[in-house]
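Heads up, the thing below is written out as structure tokens.
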Amino acid sequence: MLSEPRSGRLAAWGNALLAGLVSPDDAVLAIVGSDAVHRVEGLPGETGPVGLTLALGRLRALGVSGLRVALPAPGHPLGLSGPPEFNARALEAEEAVVCHGAALGLVPEVYEAGPEGDVHVEVVWHCLPVREAPPADVPSLGEAERELAEALRDATAVLSRLDVAGSGPVAEAAIEAYRARAERGREVLAPGYPPRAVRVLELAQRVGLLVSLAYENGHGGAVSASEMGARVAALRPVERTGRRAQVAAYNAYVEERER
């Protein structure tokens with residue numbers, strides 16, 4: 001996984017802002033990243049979309065003390081607690097942010113705008129009610145770290161045997177891009193996160209890279225239906241483990257505050 005989910009950026013830098021560790025301008029700059037603009041729609045007390053700075057301030061006034069991430073997939077409502085409407089929107093987007101301290105959640109909707117050759121990305125975060133309950137299937141940082149190490153070892157062995165672990169110029173370029181990004185400042189999480197969360201997220205991103213390369217390389221060296229099935233069987237649990245670990249890392253700030 002070469003880039004972090006938008007929900008991860010919003011949660012991490014939103015948490016740093018709520019803790020007073022970064023300025024609003026720095027937080028918004030980090031959350032928006034390479035997108036053109038982010039707005040929040042449906043905030044209580046607002047009649048239309050508002051900018052991130054105002055939205056984060058309003059969430060704080062509503063009692064929000066932390067932000068969690070959800071990265072659901074079909075059959076795996078990772079990080080969600082309901083109700084069904086919110087879960088369905090989050091599943092469609094494959095990500096969401098759940099507020100701690102107020103029964104609200106945020107789901108991104110991404111738009112591309114502008115003429116051909118000058119397209120830019122705009123994001124609208126839809127604010128919706130959520131159920132105040134423990135999030136589904138989120139491991140502790142320790143559990144996530146152990147699961148990642150085991151999944152990476154098992155998947156690498158299977159994929160190497162099937163000759164589909166990623167080869168050729170496209171895969172090599174992707175690996176180099178990941179390494180360059182990892183060496184450029186090493187700031188994979190915002191200020192205030194424990195070092196273990198940073199370590200878990202870095203490993204989860206490497207696992208995500210392996211999975212994406214294996215999927216993007218078609219059938220690789222697999223020459224039979226059974227070998228192709230074995231590859232899918234190897235990738236599915238490691239992909240799930242990687243998502244669980246990402247959520248554990250992004251949510252570590254709130255979990256630390258609750259202890």
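Each residue takes its place number in the sequence, starting with 1. Scope of the values below: all heavy atoms of this structure, side chains included, with no hydrogens, waters or symmetry mates.
Using a cut-off of 4.0 Å between Lys/Arg side-chain N and Asp/Glu carboxylate O, Glu143 and Arg244 are scored as not salt-bridged. Remark: Asp137 does not engage Arg243 in a salt bridge, criterion side-chain N to carboxylate O under 4.0 Å.
Considering only heavy atoms from C-beta on, Pro108 comes within 4.5 Å of Glu95 through its side chain. Two residues are said to be in side-chain contact when any heavy atoms from C-beta on lie closer than 4.5 Å; Phe86 and Arg131 fail this criterion.
Qualifying side chain to side chain donor-acceptor pair (under 3.5 Å) partners for Asn15, counting only residues two or more places apart in sequence or in other chains: Tyr193. Partners of Asp26 under the salt bridge (charged side-chain N to carboxylate O under 4.0 Å, His left out) rule, at least two apart in sequence or in another chain, do not exist in this structure. In this structure Glu145 satisfies the salt bridge (charged side-chain N to carboxylate O under 4.0 Å, His left out) test together with Arg196, Arg199, sequence neighbours excluded.
Although no hydrogens or angles enter the test, the distance criterion places a donor-acceptor pair under 3.5 Å between the side chain of Asn251 and the main chain of Val69.
For Glu112 and His120, the side-chain atoms include no donor-acceptor pair closer than 3.5 Å.
To the nearest 0.5 angstrom, Glu132 atom CD is 9.0 Å from Leu104 atom CG. Here CD of Glu4 is found 5.0 Å from OH of Tyr250. Values are rounded to the nearest 0.5 Å.
More than 12 heavy atoms of other residues, nucleotides or ligands shown are found within 6.0 angstrom of CD on Glu255.
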